[in-house]
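Chain A is the first sequence line, chain B the second, and so forth, proteins listed ahead of strands; every chain is numbered from 1. For clarity, every value in this text was computed on a predicted model and none was experimentally measured.
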Number of protein chains: 2
Amino acid sequence: MFDERQRYSADNCSVKRTLDIVGEKWTLLVLREAFYGARRFEEFLTRVGCARNLLAERLNTLTGAGVMRRVPYQEPGQRERYESRLSDKGLDLLPAIIALMQWGDRWQADADGPPVEITHRDCGHPAELVLRCAHDHTPLTARDIQPRPGPGAQPARSAHSDKSAAR
Amino acid sequence: MFDERQRYSADNCSVKRTLDIVGEKWTLLVLREAFYGARRFEEFLTRVGCARNLLAERLNTLTGAGVMRRVPYQEPGQRERYESRLSDKGLDLLPAIIALMQWGDRWQADADGPPVEITHRDCGHPAELVLRCAHDHTPLTARDIQPRPGPGAQPARSAHSDKSAAR
DNA sequence: CAGTATCCGGTGCGATACTG
DNA sequence: CAGTATCGCACCGGATACTG
(Lines give C-alpha, C1' and ligand atoms only; values in the text may rest on other atoms or scores of the structure.)
Protein backbone atom coordinates (compact mmCIF):
# COMPACT_ATOMS: atom_id res chain seq x y z
CA MET A 1 0.00 0.00 0.00
CA PHE A 2 2.80 2.33 0.89
CA ASP A 3 5.50 3.16 -1.52
CA GLU A 4 8.09 0.71 -0.30
CA ARG A 5 10.89 3.22 0.05
CA GLN A 6 8.80 5.40 2.23
CA ARG A 7 9.59 4.06 5.62
CA TYR A 8 8.08 6.08 8.37
CA SER A 9 9.01 5.84 11.95
CA ALA A 10 6.30 4.57 14.20
CA ASP A 11 7.09 7.19 16.83
CA ASN A 12 5.36 9.99 15.02
CA CYS A 13 2.38 7.89 14.05
CA SER A 14 -0.83 9.57 15.14
CA VAL A 15 -2.38 6.27 16.12
CA LYS A 16 0.47 5.62 18.49
CA ARG A 17 0.34 9.10 19.93
CA THR A 18 -3.34 8.72 20.60
CA LEU A 19 -2.86 5.31 22.16
CA ASP A 20 -0.15 6.73 24.40
CA ILE A 21 -2.96 8.68 26.03
CA VAL A 22 -6.03 6.49 25.74
CA GLY A 23 -4.48 3.08 25.08
CA GLU A 24 -4.01 1.95 28.64
CA LYS A 25 -6.35 -0.60 30.06
CA TRP A 26 -9.68 0.85 31.26
CA THR A 27 -9.07 4.30 29.81
CA LEU A 28 -11.47 3.98 26.91
CA LEU A 29 -14.09 2.54 29.21
CA VAL A 30 -13.66 5.51 31.51
CA LEU A 31 -14.22 7.74 28.52
CA ARG A 32 -17.25 5.75 27.47
CA GLU A 33 -18.78 6.37 30.88
CA ALA A 34 -17.90 10.03 30.64
CA PHE A 35 -19.83 10.17 27.39
CA TYR A 36 -22.70 8.40 29.09
CA GLY A 37 -22.71 11.14 31.68
CA ALA A 38 -20.54 9.98 34.56
CA ARG A 39 -18.73 12.74 36.45
CA ARG A 40 -17.98 11.66 39.98
CA PHE A 41 -15.30 9.31 41.12
CA GLU A 42 -17.57 6.71 42.70
CA GLU A 43 -19.83 6.87 39.70
CA PHE A 44 -16.99 5.98 37.37
CA LEU A 45 -15.82 3.36 39.80
CA THR A 46 -19.02 1.36 39.93
CA ARG A 47 -19.77 1.76 36.24
CA VAL A 48 -16.33 1.04 34.88
CA GLY A 49 -15.55 -1.67 37.37
CA CYS A 50 -11.81 -1.20 37.73
CA ALA A 51 -9.70 -0.78 40.83
CA ARG A 52 -9.77 2.52 42.71
CA ASN A 53 -6.14 3.34 42.26
CA LEU A 54 -6.29 2.63 38.57
CA LEU A 55 -9.28 4.88 38.15
CA ALA A 56 -7.47 7.66 39.99
CA GLU A 57 -4.41 7.11 37.81
CA ARG A 58 -6.42 7.14 34.60
CA LEU A 59 -8.31 10.26 35.52
CA ASN A 60 -5.02 11.96 36.32
CA THR A 61 -3.53 10.95 33.00
CA LEU A 62 -6.59 12.15 31.15
CA THR A 63 -6.74 15.50 32.91
CA GLY A 64 -3.00 15.87 32.47
CA ALA A 65 -3.44 15.33 28.76
CA GLY A 66 -6.27 17.82 28.61
CA VAL A 67 -8.85 15.21 27.73
CA MET A 68 -10.78 15.73 30.94
CA ARG A 69 -10.91 18.67 33.28
CA ARG A 70 -11.58 18.94 36.97
CA VAL A 71 -14.62 21.04 37.81
CA PRO A 72 -15.39 22.13 41.38
CA TYR A 73 -18.83 21.55 42.81
CA GLN A 74 -20.34 21.78 46.23
CA GLU A 75 -23.12 19.80 47.79
CA PRO A 76 -24.95 21.64 50.55
CA GLY A 77 -23.29 20.97 53.88
CA GLN A 78 -20.32 19.34 52.25
CA ARG A 79 -16.91 20.68 51.48
CA GLU A 80 -15.94 21.56 47.96
CA ARG A 81 -15.16 18.63 45.75
CA TYR A 82 -14.17 18.06 42.19
CA GLU A 83 -15.74 16.12 39.39
CA SER A 84 -14.23 15.10 36.08
CA ARG A 85 -15.73 16.20 32.81
CA LEU A 86 -14.72 15.87 29.22
CA SER A 87 -13.00 18.85 27.65
CA ASP A 88 -13.46 19.71 23.99
CA LYS A 89 -10.41 17.63 23.29
CA GLY A 90 -12.09 14.78 25.11
CA LEU A 91 -15.45 15.26 23.44
CA ASP A 92 -13.66 14.89 20.15
CA LEU A 93 -12.86 11.29 21.06
CA LEU A 94 -16.48 10.31 20.55
CA PRO A 95 -15.90 8.98 17.03
CA ALA A 96 -13.24 6.63 18.34
CA ILE A 97 -15.57 5.29 21.01
CA ILE A 98 -18.39 4.90 18.53
CA ALA A 99 -16.15 3.19 16.01
CA LEU A 100 -15.29 0.57 18.62
CA MET A 101 -18.91 0.28 19.65
CA GLN A 102 -20.16 -0.10 16.10
CA TRP A 103 -17.65 -2.80 15.40
CA GLY A 104 -18.64 -4.63 18.56
CA ASP A 105 -22.28 -4.28 17.62
CA ARG A 106 -21.63 -5.74 14.20
CA TRP A 107 -19.25 -8.54 15.03
CA GLN A 108 -19.47 -9.39 18.71
CA ALA A 109 -23.04 -8.67 19.71
CA ASP A 110 -25.53 -10.99 21.31
CA ALA A 111 -28.39 -12.29 19.25
CA ASP A 112 -30.77 -9.81 20.79
CA GLY A 113 -28.88 -6.81 19.50
CA PRO A 114 -26.74 -3.98 20.79
CA PRO A 115 -27.02 -3.03 24.46
CA VAL A 116 -26.73 0.68 23.78
CA GLU A 117 -27.86 2.86 20.94
CA ILE A 118 -26.44 6.26 20.16
CA THR A 119 -29.16 8.49 18.84
CA HIS A 120 -29.51 11.97 17.47
CA ARG A 121 -30.86 13.91 20.41
CA ASP A 122 -33.08 16.12 18.28
CA CYS A 123 -34.83 13.54 16.16
CA GLY A 124 -34.24 10.25 17.94
CA HIS A 125 -32.81 8.43 14.96
CA PRO A 126 -29.58 6.47 15.38
CA ALA A 127 -26.21 8.07 14.80
CA GLU A 128 -23.85 6.46 12.35
CA LEU A 129 -20.18 6.77 11.64
CA VAL A 130 -19.23 6.79 7.97
CA LEU A 131 -15.93 6.87 6.17
CA ARG A 132 -16.14 8.82 2.97
CA CYS A 133 -14.19 10.78 0.44
CA ALA A 134 -13.85 14.38 1.60
CA HIS A 135 -14.26 15.52 -1.96
CA ASP A 136 -17.21 13.72 -3.49
CA HIS A 137 -18.53 12.02 -0.33
CA THR A 138 -18.34 8.55 -1.80
CA PRO A 139 -18.61 6.01 1.01
CA LEU A 140 -15.28 4.24 1.41
CA THR A 141 -14.29 0.82 2.61
CA ALA A 142 -10.83 -0.44 3.48
CA ARG A 143 -10.37 -1.50 -0.12
CA ASP A 144 -10.96 1.98 -1.45
CA ILE A 145 -8.33 3.78 0.55
CA GLN A 146 -4.67 4.49 0.02
CA PRO A 147 -2.40 5.61 2.86
CA ARG A 148 0.43 7.87 1.88
CA PRO A 149 3.02 10.04 3.59
CA GLY A 150 1.71 13.38 4.77
CA PRO A 151 3.48 16.66 5.38
CA GLY A 152 4.78 15.56 8.76
CA ALA A 153 6.24 12.34 7.40
CA GLN A 154 9.82 11.70 8.29
CA PRO A 155 12.26 10.97 5.52
CA ALA A 156 13.11 7.33 5.04
CA ARG A 157 15.80 6.03 7.24
CA SER A 158 18.62 4.12 5.57
CA ALA A 159 20.12 2.73 8.71
CA HIS A 160 20.38 -0.75 7.31
CA SER A 161 19.72 -2.33 3.98
CA ASP A 162 16.11 -2.66 3.02
CA LYS A 163 14.85 -5.71 1.25
CA SER A 164 11.11 -5.31 1.43
CA ALA A 165 9.70 -7.04 -1.61
CA ALA A 166 6.21 -6.71 -0.25
CA ARG A 167 3.76 -7.12 -3.05
CA MET B 1 -14.48 -11.96 47.09
CA PHE B 2 -16.18 -9.85 44.50
CA ASP B 3 -19.00 -7.52 45.26
CA GLU B 4 -21.83 -8.09 42.84
CA ARG B 5 -23.21 -4.64 43.19
CA GLN B 6 -19.98 -3.13 42.10
CA ARG B 7 -20.47 -4.77 38.81
CA TYR B 8 -21.90 -2.73 36.06
CA SER B 9 -23.67 -4.53 33.25
CA ALA B 10 -20.65 -3.42 31.28
CA ASP B 11 -19.87 -7.00 30.38
CA ASN B 12 -22.17 -6.78 27.42
CA CYS B 13 -20.94 -3.35 26.37
CA SER B 14 -19.85 -3.41 22.77
CA VAL B 15 -16.90 -1.16 23.47
CA LYS B 16 -15.64 -3.57 26.08
CA ARG B 17 -16.17 -6.56 23.84
CA THR B 18 -14.19 -4.89 21.12
CA LEU B 19 -11.42 -3.93 23.50
CA ASP B 20 -11.25 -7.50 24.75
CA ILE B 21 -9.98 -8.32 21.29
CA VAL B 22 -8.06 -5.25 20.16
CA GLY B 23 -7.43 -3.49 23.45
CA GLU B 24 -4.18 -5.12 24.44
CA LYS B 25 -1.00 -3.21 24.03
CA TRP B 26 0.39 -3.26 20.46
CA THR B 27 -2.69 -4.83 18.93
CA LEU B 28 -4.03 -1.69 17.28
CA LEU B 29 -0.56 -0.90 15.99
CA VAL B 30 -0.36 -4.36 14.48
CA LEU B 31 -3.67 -3.67 12.79
CA ARG B 32 -2.47 -0.29 11.59
CA GLU B 33 0.45 -2.01 9.89
CA ALA B 34 -1.87 -4.59 8.42
CA PHE B 35 -3.88 -1.78 6.87
CA TYR B 36 -0.66 -0.28 5.59
CA GLY B 37 0.06 -3.56 3.84
CA ALA B 38 2.17 -5.63 6.20
CA ARG B 39 1.65 -9.37 5.92
CA ARG B 40 4.73 -11.23 7.03
CA PHE B 41 5.88 -11.79 10.53
CA GLU B 42 9.23 -10.06 10.19
CA GLU B 43 7.56 -7.20 8.42
CA PHE B 44 5.22 -6.63 11.33
CA LEU B 45 8.07 -7.05 13.72
CA THR B 46 10.25 -4.28 12.34
CA ARG B 47 7.40 -1.92 11.65
CA VAL B 48 5.50 -2.33 14.88
CA GLY B 49 8.59 -2.55 17.03
CA CYS B 50 7.40 -4.89 19.74
CA ALA B 51 8.96 -8.09 21.06
CA ARG B 52 8.74 -11.29 18.99
CA ASN B 53 6.77 -13.26 21.50
CA LEU B 54 4.25 -10.46 21.91
CA LEU B 55 3.76 -10.15 18.18
CA ALA B 56 3.19 -13.88 17.90
CA GLU B 57 0.72 -13.70 20.75
CA ARG B 58 -1.17 -10.79 19.25
CA LEU B 59 -1.38 -12.37 15.82
CA ASN B 60 -2.70 -15.52 17.42
CA THR B 61 -5.34 -13.63 19.32
CA LEU B 62 -6.38 -11.78 16.19
CA THR B 63 -6.60 -14.86 14.01
CA GLY B 64 -8.40 -16.68 16.79
CA ALA B 65 -10.94 -13.89 16.88
CA GLY B 66 -11.33 -13.98 13.12
CA VAL B 67 -9.86 -10.52 12.63
CA MET B 68 -6.91 -11.84 10.69
CA ARG B 69 -6.52 -15.02 8.74
CA ARG B 70 -3.51 -17.10 7.89
CA VAL B 71 -2.94 -17.37 4.14
CA PRO B 72 -0.46 -19.81 2.62
CA TYR B 73 2.04 -18.57 0.09
CA GLN B 74 5.05 -20.05 -1.58
CA GLU B 75 8.21 -18.38 -2.73
CA PRO B 76 9.94 -20.24 -5.56
CA GLY B 77 12.33 -22.78 -4.16
CA GLN B 78 11.00 -22.32 -0.66
CA ARG B 79 8.56 -24.37 1.28
CA GLU B 80 5.04 -23.20 1.92
CA ARG B 81 4.69 -20.48 4.52
CA TYR B 82 1.89 -18.44 5.97
CA GLU B 83 1.24 -14.77 6.11
CA SER B 84 -1.36 -12.87 8.10
CA ARG B 85 -3.99 -10.82 6.36
CA LEU B 86 -7.01 -8.94 7.49
CA SER B 87 -10.32 -10.72 7.15
CA ASP B 88 -13.52 -8.85 6.36
CA LYS B 89 -14.07 -8.61 10.07
CA GLY B 90 -10.63 -7.08 10.37
CA LEU B 91 -11.05 -4.72 7.45
CA ASP B 92 -14.12 -3.41 9.19
CA LEU B 93 -11.88 -2.09 11.96
CA LEU B 94 -10.56 0.62 9.68
CA PRO B 95 -12.92 3.28 11.04
CA ALA B 96 -11.62 2.67 14.54
CA ILE B 97 -8.01 3.06 13.40
CA ILE B 98 -8.84 6.17 11.46
CA ALA B 99 -10.78 7.66 14.36
CA LEU B 100 -7.70 7.32 16.53
CA MET B 101 -5.48 8.67 13.78
CA GLN B 102 -7.71 11.67 13.11
CA TRP B 103 -7.79 12.55 16.76
CA GLY B 104 -4.01 12.30 16.98
CA ASP B 105 -3.71 14.44 13.88
CA ARG B 106 -5.96 17.06 15.39
CA TRP B 107 -4.71 17.14 18.94
CA GLN B 108 -1.27 15.62 19.15
CA ALA B 109 0.39 16.33 15.84
CA ASP B 110 3.67 18.06 15.17
CA ALA B 111 3.63 21.53 13.72
CA ASP B 112 4.41 20.24 10.26
CA GLY B 113 1.26 18.19 10.04
CA PRO B 114 0.14 14.58 10.02
CA PRO B 115 2.71 11.93 9.09
CA VAL B 116 0.24 9.85 7.13
CA GLU B 117 -2.76 10.74 5.03
CA ILE B 118 -5.53 8.35 4.13
CA THR B 119 -6.77 9.07 0.65
CA HIS B 120 -9.47 7.88 -1.66
CA ARG B 121 -7.63 5.56 -4.00
CA ASP B 122 -9.67 6.51 -7.05
CA CYS B 123 -9.47 10.28 -6.84
CA GLY B 124 -6.63 11.01 -4.46
CA HIS B 125 -8.60 13.22 -2.11
CA PRO B 126 -8.40 12.62 1.63
CA ALA B 127 -10.79 10.29 3.40
CA GLU B 128 -12.75 11.60 6.35
CA LEU B 129 -14.71 10.02 9.11
CA VAL B 130 -17.97 11.70 9.96
CA LEU B 131 -20.57 11.10 12.61
CA ARG B 132 -24.01 11.88 11.38
CA CYS B 133 -27.66 11.20 11.86
CA ALA B 134 -28.63 8.07 9.96
CA HIS B 135 -31.92 9.65 9.07
CA ASP B 136 -31.27 13.18 7.80
CA HIS B 137 -27.46 13.01 7.65
CA THR B 138 -26.98 15.99 9.93
CA PRO B 139 -23.38 16.05 11.16
CA LEU B 140 -23.31 15.27 14.87
CA THR B 141 -20.97 16.22 17.67
CA ALA B 142 -20.81 14.81 21.17
CA ARG B 143 -23.32 17.40 22.30
CA ASP B 144 -25.92 16.28 19.77
CA ILE B 145 -26.08 12.66 20.75
CA GLN B 146 -28.08 10.74 23.28
CA PRO B 147 -27.17 7.21 24.36
CA ARG B 148 -30.01 4.96 25.32
CA PRO B 149 -30.59 1.29 26.06
CA GLY B 150 -30.83 -0.88 22.97
CA PRO B 151 -32.61 -4.19 22.39
CA GLY B 152 -29.77 -6.17 23.96
CA ALA B 153 -29.66 -4.08 27.11
CA GLN B 154 -29.57 -6.03 30.33
CA PRO B 155 -31.35 -4.78 33.41
CA ALA B 156 -29.50 -5.45 36.63
CA ARG B 157 -27.47 -8.54 37.21
CA SER B 158 -28.62 -11.14 39.67
CA ALA B 159 -26.34 -12.50 42.35
CA HIS B 160 -25.52 -15.52 40.27
CA SER B 161 -22.05 -14.85 39.04
CA ASP B 162 -20.12 -15.83 36.01
CA LYS B 163 -16.36 -15.86 35.89
CA SER B 164 -14.77 -12.67 37.00
CA ALA B 165 -11.87 -13.15 34.61
CA ALA B 166 -11.67 -9.56 33.62
CA ARG B 167 -9.98 -8.72 30.38
C1' DC C 1 11.86 -17.14 7.39
C1' DA C 2 8.39 -17.94 10.88
C1' DG C 3 7.81 -18.84 14.64
C1' DT C 4 8.09 -21.27 19.89
C1' DA C 5 10.54 -21.62 24.43
C1' DT C 6 12.82 -19.81 28.29
C1' DC C 7 14.67 -16.63 31.41
C1' DC C 8 14.55 -12.49 34.08
C1' DG C 9 14.02 -7.67 35.75
C1' DG C 10 10.49 -4.32 35.68
C1' DT C 11 6.06 -2.40 35.26
C1' DG C 12 1.24 -2.49 35.68
C1' DC C 13 -2.79 -4.59 37.65
C1' DG C 14 -6.17 -5.87 41.26
C1' DA C 15 -7.83 -6.00 45.94
C1' DT C 16 -7.88 -4.09 50.25
C1' DA C 17 -6.77 -0.92 54.02
C1' DC C 18 -6.40 3.56 55.31
C1' DT C 19 -7.09 8.90 55.43
C1' DG C 20 -9.41 13.44 55.25
C1' DC D 1 -17.24 10.64 49.10
C1' DA D 2 -12.77 11.00 47.00
C1' DG D 3 -9.10 9.63 46.88
C1' DT D 4 -3.73 7.39 48.84
C1' DA D 5 -0.95 3.70 50.29
C1' DT D 6 0.33 -0.77 50.01
C1' DC D 7 1.37 -5.35 48.55
C1' DG D 8 1.35 -9.71 46.00
C1' DC D 9 1.22 -11.26 41.60
C1' DA D 10 0.54 -11.34 36.47
C1' DC D 11 2.03 -9.83 32.53
C1' DC D 12 5.24 -7.15 29.73
C1' DG D 13 9.62 -6.29 27.44
C1' DG D 14 13.87 -7.58 25.69
C1' DA D 15 17.31 -10.97 24.95
C1' DT D 16 18.59 -14.96 23.49
C1' DA D 17 18.30 -19.94 22.08
C1' DC D 18 16.07 -23.45 19.59
C1' DT D 19 13.03 -25.73 15.82
C1' DG D 20 11.15 -26.75 11.22
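Using a 3.5 Å distance cut-off with no hydrogens or angles, the side chains of Gln108(A) and Lys16(B) do not pair a donor with an acceptor. A side-chain donor-acceptor contact under 3.5 Å links Tyr73(A) and Arg40(A).
In this model, the phosphate group of dG13(D) is approached by a side-chain N or O of Trp26(B) to a distance below 4.0 Å at OP1 or OP2. Regarding contacts with the backbone of dA2(C), every side-chain N or O of Arg39(B) stays at 4.0 angstrom or more from both OP1 and OP2. In this model, the phosphate group of dC11(D) is not approached by any side-chain N or O of Lys25(A) to a distance below 4.0 Å at OP1 or OP2. Note on Arg52(A): every side-chain N or O is 4.0 Å or more away from OP1 and OP2 of dT16(C).
Judged by distance alone, the side chain of Ser87(A) and the main-chain N or O of Val67(A) form a donor-acceptor pair under 3.5 Å.
Separating the CG atom of Leu45(B) from the P atom of dA15(D) is a distance of 11 Å, rounded to the nearest angstrom. One atom, CD of Gln74(A), and another, P of dA2(D), lie 13 Å apart when rounded to the nearest Å. Atom CG in Leu59(B) sits roughly 11 Å away from atom C1' in dA2(C) (whole-Å rounding). Straight-line distance from the CG atom of Leu55(A) to the P atom of dG14(C): 12 Å, rounded to whole Å. What separates CG of Asn60(A) from P of dA5(D) is a distance of 12 Å, to the nearest Å. Glu57(B) has its CD atom 11 Å from the P atom of dA5(C), to the nearest Å. Remark: P of dA2(C) and CD of Glu83(B) are 9 Å apart, rounded to the nearest angstrom. Rounded to whole angstrom, the span from the CD atom of Glu43(A) across to the P atom of dA2(D) amounts to 9 Å.
Nearest-nucleotide positions on DNA chain C place Arg70(B) closer to the 5' end than the other of Leu54(A) and Arg70(B).
Counting all heavy atoms, side chain and backbone alike, Asp136(A) lies closest to Cys133(A) at OD1-CB, 3.2 Å.
Across all strands, Tyr73(B) comes closer than 4.0 Å only to sugar-phosphate atoms, never to a base (heavy-atom distances).
Residue Arg81(B) places its side chain closer to dA2(C) than to any other of dA2(C), dT4(C), dG13(D).
Partner assigned to dG20(D) is dC1(C), using Watson-Crick or G-U wobble distances below 3.5 angstrom.
Side-chain to base pairing of Asn53(B) with dG14(D): one donor and one acceptor N or O lie within less than 3.5 Å of each other.
For His137(A), the NE2 atom counts as densely surrounded, since its 6.0 Å shell holds more than 12 non-hydrogen atoms of other residues, nucleotides or ligands.
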